[in-house]
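These notes concern the structure reproduced below.
We count ligands from 1, going down the list as the structure has it; atoms in each ligand are counted the same way. The analysis underlying the following values was restricted to heavy atoms, covering all of them including side chains, and did not include hydrogens, waters or symmetry mates.
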Amino acid sequence: MANPALATQKPSPVCWMNGQIVPVEQASVSVFDHGLLYGDGVFEGIRFYNGKAFRLQAHLERLMLSARAIALEIPYNIEVLSQAVEETIAAAPTKDGYMRMVVTRGVGPLGIDPSRCHSPQLFIIADTLHMVSERVRSEGAKVIIAATRRLGADGLDPRIKSLNYLNHILARMEATHAGADEAILLNSSGRIAEGSADNIFIVKKGELLTPPVIEGALDGITRQVVLELAEKLGIKFRETPLAPYDLFTADECFLTGTGAELIPVGYADGRKIPECPGAIYQRLSIAFKELVQQEI
Ligand code: PMP
């Protein structure tokens with residue numbers, strides 16, 4: 001019989017903070033950090049396979065742009081950050097895992113004004129990955145359309161991957177409450193934006209469709225990879241606004257994200273998606289795995 005004490009043991013995550021690897025117990029930010037007080041900061045979620053970060057350059061570029069958009073000066077350049085990522089992976093408890101790079105505004109007096117925060121904090125955590133369940137991979141995720149809306153570009157540009165996830169969290173709570181796996185957020189016009197932590201694709205009459213980023217979606221790295229693969233495989237695709245109707249009447253639907261990769265969707269607000277996992281999803285999913293092998 002398995003030793004229950006061993007079964008519950010989990011390798012500890014590691015953390016790179018301000019220039020070095022530190023034990024996670026010693027990695028901390030101040031209670032006066034505006035990242036904590038106001039969600040003032042940006043982040044990236046990066047996957048590593050066999051000890052190498054996937055699409056690192058794209059993640060670091062997106063981080064730099066998110067930071068520029070909120071006038072947050074990252075105290076390191078891309079080369080230093082790439083090296084920090086390598087060091088963190090080398091110290092990580094696993095060769096295949098997930099890392100989180102976070103930049104906060106740093107310590108400042110109480111009050112939202114960032115002009116008195118003079119030292120942004122940067123840390124990277126590498127950990128094992130919380131895998132998507134086998135049930136979801138084989139039968140497809142159940143999604144709901146959340147009542148909570150995605151903020152539009154007139155509120156917070158969806159391209160900024162900021163530390164403000166509260167409306168995504170509220171949407172995810174709705175999904176959990178409804179017994180579903182994921183929530184789809186609509187924009188303020190009632191069109192589909194994205195999942196709480198993933199982008200959405202549907203397939204209709206053999207064509208792959210996804211909302212343009214301006215509809216309220218993060219410019220997902222996995223989304224970009226899927227569009228690249230669709231092009232390569234000769235799958236017709238289009239970025240186009242989508243209504244809930246398009247989701248309810250889709251032939252196939254799937255979600256994309258760094259942690260989840262590609263996940264098929266089986267039900268949308270109780271409507272069965274007829275092809276799950278569908279043929280186009282399967283082609284793209286295989287091509288995605290092959291691409292990871294090639295690039296790693
Ligand atoms: N949308 C949101 C809101 C997300 O948090 C994520 C995960 N980073 C995604 C989409 C998927 O983006 P990516 O493929 O870059 O992980």
Side-chain angles (χ1 to χ4, degrees), residues 39 41-49 53-67 69 85 96-103 124-127 129-132 141 143 145-146 148-153 155-175 181-187 191-202 208 210-230 239 242 247 253-265 281 284-285 287-289 291-292 295:
V42 295
F43 78 100
E44 277 299 315
I46 306 168
R47 186 82 180 253
F48 54 100
Y49 299 90
F54 181 63
R55 294 277 165 130
L56 180 58
Q57 192 67 19
H59 280 288
L60 294 179
E61 279 168 13
R62 186 171 67 182
L63 183 80
M64 291 293 178
L65 294 177
S66 291
V85 164
D96 296 282
Y98 180 81
M99 60 205 315
R100 174 62 52 99
M101 183 179 282
V102 181
V103 193
I124 310 171
I125 314 161
D127 203 355
L129 190 69
H130 174 67
M131 289 292 196
V132 176
V143 303
I145 294 204
T148 307
R149 299 286 173 105
R150 175 67 151 113
L151 283 179
L156 179 62
D157 195 295
R159 288 169 292 191
I160 302 172
K161 197 162 167 56
S162 83
L163 295 180
N164 288 267
Y165 260 56
L166 204 47
N167 60 332
H168 296 249
I169 291 165
L170 294 175
R172 178 65 72 86
M173 280 165 58
E174 289 184 49
D181 303 299
E182 177 55 310
I184 304 301
L185 289 95
L186 305 180
N187 63 22
R191 289 190 299 271
I192 290 177
E194 61 178 348
S196 72
D198 29 62
N199 292 110
I200 183 166
F201 286 82
I202 65 166
L208 184 65
T210 193
V213 167
I214 199 66
E215 287 283 59
L218 180 76
D219 194 358
I221 309 287
T222 323
R223 174 185 183 277
Q224 278 306 333
V225 171
V226 164
L227 293 175
E228 266 172 52
L229 290 172
E239 292 179 68
L242 297 172
L247 170 61
C253 174
F254 61 90
L255 306 171
T256 65
T258 291
E261 302 175 331
L262 281 68
I263 312 183
V265 172
Y281 160 80
L284 288 165
S285 195
F288 183 84
K289 288 198 177 79
L291 183 79
V292 168
E295 291 190 8

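- Under the rule for a side chain to side chain donor-acceptor pair (under 3.5 Å), the partners of Glu215 that lie at least two apart in sequence or sit in another chain are Asn187, Arg191.
- Looking at residues two or more places apart in sequence or on another chain, you find a salt bridge (charged side-chain N to carboxylate O under 4.0 Å, His left out) between Arg223 and Asp219, Glu239.
- Taking Leu56 as the reference, Ile46, Ala53, Leu60, Ser82, Val85 meet the side-chain contact (heavy atoms from CB on, under 4.5 Å) condition, with sequence neighbours excluded.
- Looking at every heavy atom in both residues, Asn199 comes nearest to Leu218 through ND2-O, 3.0 Å.
- Leu291 has its side chain within reach of Phe54: a pair of non-hydrogen atoms, C-beta onward, lies under 4.5 Å apart.
- Closer than 4.0 angstrom to ligand 1 lie heavy atoms from Arg62, Lys161, Tyr165, His168, Glu194, Ser196, Ala197, Asp198, Asn199, Leu218, Gly220, Ile221, Thr222, Thr256, Gly257, Thr258.
- A donor and an acceptor atom, one from each side chain of Ser196 and Glu182, are located under 3.5 Å apart.
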